[in-house]
Amino acid sequence: MILFEARPITVSIARPPAQVYDFAHKPESFPKWAAGLGAGLTRDGDRWIAHGPDGDVQVRFSPRNPYGVLDHWVTLPDGSEISIPLRVVANGDGAEVTLTLFRAPGMDAARFERDQGMVADDLARLKALLES
């Protein structure tokens with residue numbers, strides 16, 4: 001059995017969870033806060049193409065649901081797929097948004113730490129957008 005090292009990265013947002021989810025579930029809103037998906041997304045059937053500095057990747061998003069699930073899957077140019085669990089849950093009157101980052105095989109500690117910082121920055125941008 002293979003288990004990857006994982007880091008949950010969380011931000012509290014002073015907005016009702018339904019409002020956070022309504023904004024964050026739309027693929028079109030991801031480029032406003034998720035820098036890891038590049039400068040933009042283009043729809044291609046039920047997938048999206050993210051245009052980033054390292055080239056284009058395919059992205060699938062979980063369908064709209066009542067559970068706060070915002071999971072997405074990124075298919076890299078080499079065909080490998082990365083699962084990115086993302087959740088919005090109630091925290092009092094506000095919301096807690098948590099992304100679980102997995103350390104990919106072969107990823108060194110410095111890169112994993114850098115990716116954690118990038119995710120934290122993305123979640124901080126989401127918080128700033130929704131609380132402004």
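What you see below is based on every heavy atom in this structure, not just the backbone, and it leaves out hydrogens, waters and symmetry mates.
Residues Phe102 and Val57 fall into different hydrophobic clusters, defined by Ile, Leu, Val, Met, Phe, Trp and Tyr side chains chained together at heavy-atom separations under 4.5 Å. Residue Phe112 is grouped with residue Val119 when hydrophobic side chains (ILVMFWY) are merged at heavy-atom distances under 4.5 angstrom, including chains of intermediate members. By the criterion of side-chain heavy atoms lying less than 4.5 angstrom apart, applied directly or through intervening Ile, Leu, Val, Met, Phe, Trp or Tyr residues, Ile82 is grouped together with Leu123 in one hydrophobic cluster. Hydrophobic cluster membership differs between Met107 and Met118, with clusters built from Ile, Leu, Val, Met, Phe, Trp and Tyr side chains linked at under 4.5 angstrom.
To the nearest 0.5 Å, the span separating OG1 on Thr100 from CD1 on Ile84 amounts to 10.5 Å. Note: Leu41 CG to Ile49 CD1 = 9.0 Å, rounded to the nearest 0.5 Å. In this structure, Ser29 OG and Leu126 CG are separated by 8.0 Å, a value rounded to the nearest 0.5 Å. In this structure, CG on Leu129 lies 10.0 Å from CH2 on Trp33, to the nearest 0.5 angstrom. A distance of 11.5 Å separates CG of Leu101 from CG of Leu86, quoted to the nearest 0.5 Å. The CZ atom of Arg87 sits 9.5 Å away from atom OG1 of Thr98, with the distance rounded to the nearest 0.5 Å.
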| Step-by-step salt bridge (Lys or Arg N to Asp or Glu O under 4.0 Å) determination, Asp122 to Lys32 | CA-CA 9 Å; Asp122 286 351; Lys32 296 176 184 172; over 6 Å; no
| task | Given side chain to side chain contact (heavy atoms under 4.5 Å, CB included), test Thr42 with His51 step by step and report yes or no. | result | CA-CA 8 Å; Thr42 306; His51 312 286; 2.6 Å; yes
| message | Run the side chain to side chain contact (heavy atoms under 4.5 Å, CB included) test on Ile13 and Val97 for me, step by step, so that the C-alpha distance in whole Å, both residues' side-chain angles and the decisive distance to 0.1 Å come before the verdict. | response | CA-CA 8 Å; Ile13 299 178; Val97 178; 3.7 Å; yes
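Closest non-hydrogen pair, Ala95 versus Pro17, comes out as CB-CA, 3.8 Å. Looking at every heavy atom in both residues, Ser83 comes nearest to Pro85 through O-CD, 3.5 Å. Listed here is the closest heavy atom pair of Glu131 and Ala14: OE2-N, 2.6 Å. Counting all heavy atoms, side chain and backbone alike, Tyr21 lies closest to Pro63 at OH-O, 3.9 Å.
For Asp108 and Arg111, the salt-bridge test fails: no basic side-chain N is under 4.0 Å from an acidic carboxylate O.
Listed for the Arg43 side chain is no donor-acceptor partner under 3.5 Å among the backbone atoms of Arg47. The backbone N or O of Arg103 sits nowhere less than 3.5 Å from a side-chain atom of Glu5 that would complete a donor-acceptor pair. The closest donor-acceptor contact from the side chain of Arg7 to the backbone of Ile9 lies at 3.5 Å or more, if one exists at all. Side chain of Arg15 to main chain of Leu130: a donor-acceptor pair is present (N/O by atom type, distance under 3.5 Å, no hydrogens or angles). Of the possible polar contacts, one joining the Lys127 side chain to the Ser12 backbone as a donor-acceptor pair under 3.5 Å is found. Counting only distance, with no hydrogens or angles, the side chain of Asn65 and the backbone of Gly68 share a donor-acceptor pair below 3.5 Å.
Looking only at side-chain heavy atoms (C-beta outward), Arg64 and Asp22 come within less than 4.5 Å of each other.
Surrounding CD of Glu113 are at most 12 heavy atoms belonging to other residues, nucleotides or ligands under 6.0 Å away.
Think of Tyr67 as one node in a network of Ile, Leu, Val, Met, Phe, Trp and Tyr side chains linked at under 4.5 Å; its network also takes in Val69.
The distance between the ring centers of His72 and Phe30 falls below 6.0 angstrom.
With a 6.0 Å cutoff to the six-membered ring centre and a 45° limit on the axis angle, Arg60 counts as a cation-pi contact of Trp73.
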